[in-house]
Amino acid sequence: MTAQSFDRSIKIAPSILAADFADFGREIQAVEAHGADWIHVDVMDGHFVPNLTFGPAMCKAIRPHIKTVMDVHLMIAPVDPYIDAFADAGADILSAHVEAGPHIHRTLQAIRGAGMKAGVALNPGTPAESVEYLLDMVDLICVMTVNPGFGGQKFIHSQIDKVKELRAMIGDRPIHIEIDGGIDPTTAPLMTAAGADALVAGSAVFKGGSVINPVPYGENIRAIRAAAEAAR
Ligand code: DX5
Ligand code: ZN
């Protein structure tokens, strides 16, 4: 992808961590019908983070329901033994944490080698410089604005400066800056003003709605998008 054609528009990526776990297919269809740009899929192993969700088999099962982009966020360690399974599951973007092991460079090579876009995620305590020598091998940098593991946590404001630093480091490289954790219409504009273009939101998208009554999903997505776009 050339820098000219790179899509820096605001993307809203609902996290299915906040959806009905017994009904992922219809939840995905509902948020996509109501404005979602990507679907964010949180994979947790109970080891890298203190929570468990699901693995590649579940990702493969929900893949046919996703018409947009399957954005898979791995909160697992190790990562490398599972990369081919997530490629086979149909992930478009596969993000691994820089803290997940000593060889993130090799991991990112393997993700691209398996035909996916490569993302690198940073915990709140990890500095922007940790990805400085990875910029030519990533398609996305995910800045965690909560400590990973759970939805519904409070946004960590210190990450605004990290996003500004990353935005400057990236220059005109075709790299998305994604924000994950505590995003709502109040916090989204802080991050798009700082340089982010992709916003993950779990609780703030799914609150008040259901597959039976998905209209609030659309209202929630529009409210986040409007606030995010106004701040650019
Ligand atoms: C946290 C996950 C997030 C989470 C965001 O570990 O990576 O994607 O679902 O949830 P909210 O938007 O509720 O903070
Ligand atoms: Zn996530």
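Values in this document were obtained by computation on a predicted structure and should not be read as measured data. Read the numbers this way: they start at 1 and go in the same order the structure lists the ligands and their atoms. Numbers for residues simply follow the sequence, beginning at 1.
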J.: With only distance considered, is Asn147 within less than 3.5 Å of ligand 1 through an N or O on each side?
T.: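 No, since none of the N or O atoms of Asn147 sits under 3.5 Å from an N or O of ligand 1.
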
J.: Just need the protein heavy atom nearest to atom 12 (O) of ligand 1, so name the residue and atom and give the distance.
T.: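 Going by distance alone, atom 12 (O) of ligand 1 is nearest to Gly202 N, 2.7 Å.
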
J.: Quick one: nearest non-hydrogen protein atom to atom 3 (C) of ligand 1, plus distance?
T.: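 Here the closest protein heavy atom is Asp180 OD1, 2.8 Å.
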
J.: What is the nearest protein non-hydrogen atom to atom 1 (C) of ligand 1, stated with its residue, atom name and distance?
T.: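 Protein heavy atom with the smallest distance to atom 1 (C) of ligand 1: Phe150 O, 3.6 Å.
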
J.: If you have a sec, work out which protein heavy atom is nearest atom 10 (O) of ligand 1 and how many Å separate them, to one decimal?
T.: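 Of the protein heavy atoms, Gly151 CA, 3.6 Å lies nearest.
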
J.: Tell me the angle that ND1 of His73 and NE2 of His40 form around the Zn ion (ligand 2), rounded to 10°.
T.: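 Rounding to the nearest 10 degrees gives 100°.
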
J.: Assess whether a salt bridge exists between Lys60 and Asp88, defined as any Lys/Arg side-chain N lying under 4.0 Å from an Asp/Glu carboxylate O.
T.: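 The answer is yes: the pair qualifies as a salt bridge.
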
J.: Considering only N, O or S atoms, which atom of Asp42 is nearest to the Zn ion (ligand 2)?
T.: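 Checking each N, O and S atom of Asp42, the shortest distance to the Zn ion (ligand 2) belongs to OD1.
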
J.: With respect to the Zn ion (ligand 2), what is the nearest N, O or S atom of Asp180?
T.: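 For Asp180, the N, O or S atom at the smallest distance from the Zn ion (ligand 2) is OD2.
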
J.: Under a 4.0 angstrom heavy-atom cut-off, which atoms of ligand 1 come close to Met44?
T.: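 That gives atoms 6 (O) of ligand 1.
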
J.: May I ask you to check whether Tyr133 and His105 place their ring centers less than 6.0 Å from one another?
T.: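 No, they do not, as the ring centres are separated by 6.0 Å or more.
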
J.: List the closest protein heavy-atom neighbour of atom 13 (O) of ligand 1: residue, atom name, distance to the nearest 0.1 Å.
T.: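 Answer for atom 13 (O) of ligand 1: Ser203 OG, 2.3 Å.
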
J.: Pick out which of Thr107, Leu94, Val43, Leu108 makes a side chain to side chain contact (heavy atoms under 4.5 Å, CB included) with Val79.
T.: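 Output: one option passes, namely Thr107.
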
J.: Show me which atoms of ligand 1 lie under 4.0 Å from any heavy atom of Ser15.
T.: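 That gives atoms 8 (O), 9 (O) of ligand 1.
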
J.: Please verify the inter-ring angle class for Phe21 with Phe24; under 30° counts as parallel, over 60° as perpendicular, anything in between as tilted.
T.: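 Ring orientation, 0 to 90° scale: tilted.
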
J.: Taking Lys11 first and then Asp197, would you say they form a salt bridge - that is, a charged N and a carboxylate O separated by under 4.0 Å?
T.: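 Counted as a salt bridge, because a side-chain N and a carboxylate O are separated by less than 4.0 Å.
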
J.: Supply the atom-to-atom distance His73 NE2 to Thr53 OG1, rounded to the nearest 0.5 angstrom.
T.: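 Rounded to the nearest 0.5 Å, the NE2-OG1 separation comes to 10.5 Å.
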
J.: Are Trp38 and Met70 side-chain neighbours, meaning at least one heavy-atom pair lies under 4.5 Å?
T.: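 Not in contact.
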
J.: Answer with yes or no whether the hydrophobic clustering places Ile156 together with Met144; edges join I, L, V, M, F, W, Y residues whose side-chain heavy atoms lie under 4.5 Å apart.
T.: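 No; Met144 is not reachable from Ile156 via cluster members.
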
J.: Only heavy atoms of His40, strictly under 4.0 Å: list the atoms of ligand 1 that pass.
T.: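 Those atoms are 8 (O).
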
J.: Any idea which part of Pro148 is under 4.0 Å from ligand 1, heavy-atom wise: side chain, backbone, both or neither?
T.: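 Near ligand 1, Pro148 shows its backbone as well as its side chain.
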
J.: What are the atoms of ligand 1, with element, lying closer than 4.0 Å to any heavy atom of His73?
T.: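 Per the distance check, 7 (O).
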
J.: Out of all atoms in ligand 1, which are within 4.0 Å of some heavy atom of Met144? Include the element for each.
T.: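 Checking each atom against Met144, I get 7 (O).
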
J.: Would you mind checking which non-hydrogen protein atom is closest to atom 14 (O) of ligand 1, with the distance to 0.1 Å?
T.: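 Of every protein heavy atom, Gly182 N, 2.8 Å lies nearest to atom 14 (O) of ligand 1.
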
J.: Short question: side chain of Arg63, backbone of Gly90 - any donor-acceptor pair under 3.5 Å?
T.: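 Side chain of Arg63 to backbone of Gly90, a donor-acceptor pair under 3.5 Å: yes, one is there.
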
J.: Would you please indicate if the ring centroids of Phe48 and His97 are separated by under 6.0 Å?
T.: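 Yes, the ring centres sit under 6.0 Å apart.
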
J.: Between Asp20 and Arg26, is the closest basic N to carboxylate O distance under 4.0 Å?
T.: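 No, Arg26 and Asp20 are not salt-bridged.
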
J.: By number and element, which atoms of ligand 1 are closer than 4.0 Å to a non-hydrogen atom of Gly152?
T.: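 Atoms satisfying the 4.0 Å criterion: 11 (P), 13 (O), 14 (O).
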
J.: Going by the atom numbers of ligand 1, which of them fall below 4.0 Å from some non-hydrogen atom of Gly181?
T.: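 Listed by number with element, the hits are 14 (O).
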
J.: Which atoms of ligand 1 have any heavy atom of Gly149 under 4.0 Å away?
T.: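 Selected atoms, number and element: 1 (C), 6 (O).
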
J.: So, the side chain of Asp37 versus the backbone of Ile12: is there a donor-acceptor pair under 3.5 Å, distance only?
T.: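 Checking the backbone N and O of Ile12 against the side chain of Asp37, a donor-acceptor pair under 3.5 Å is found.
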
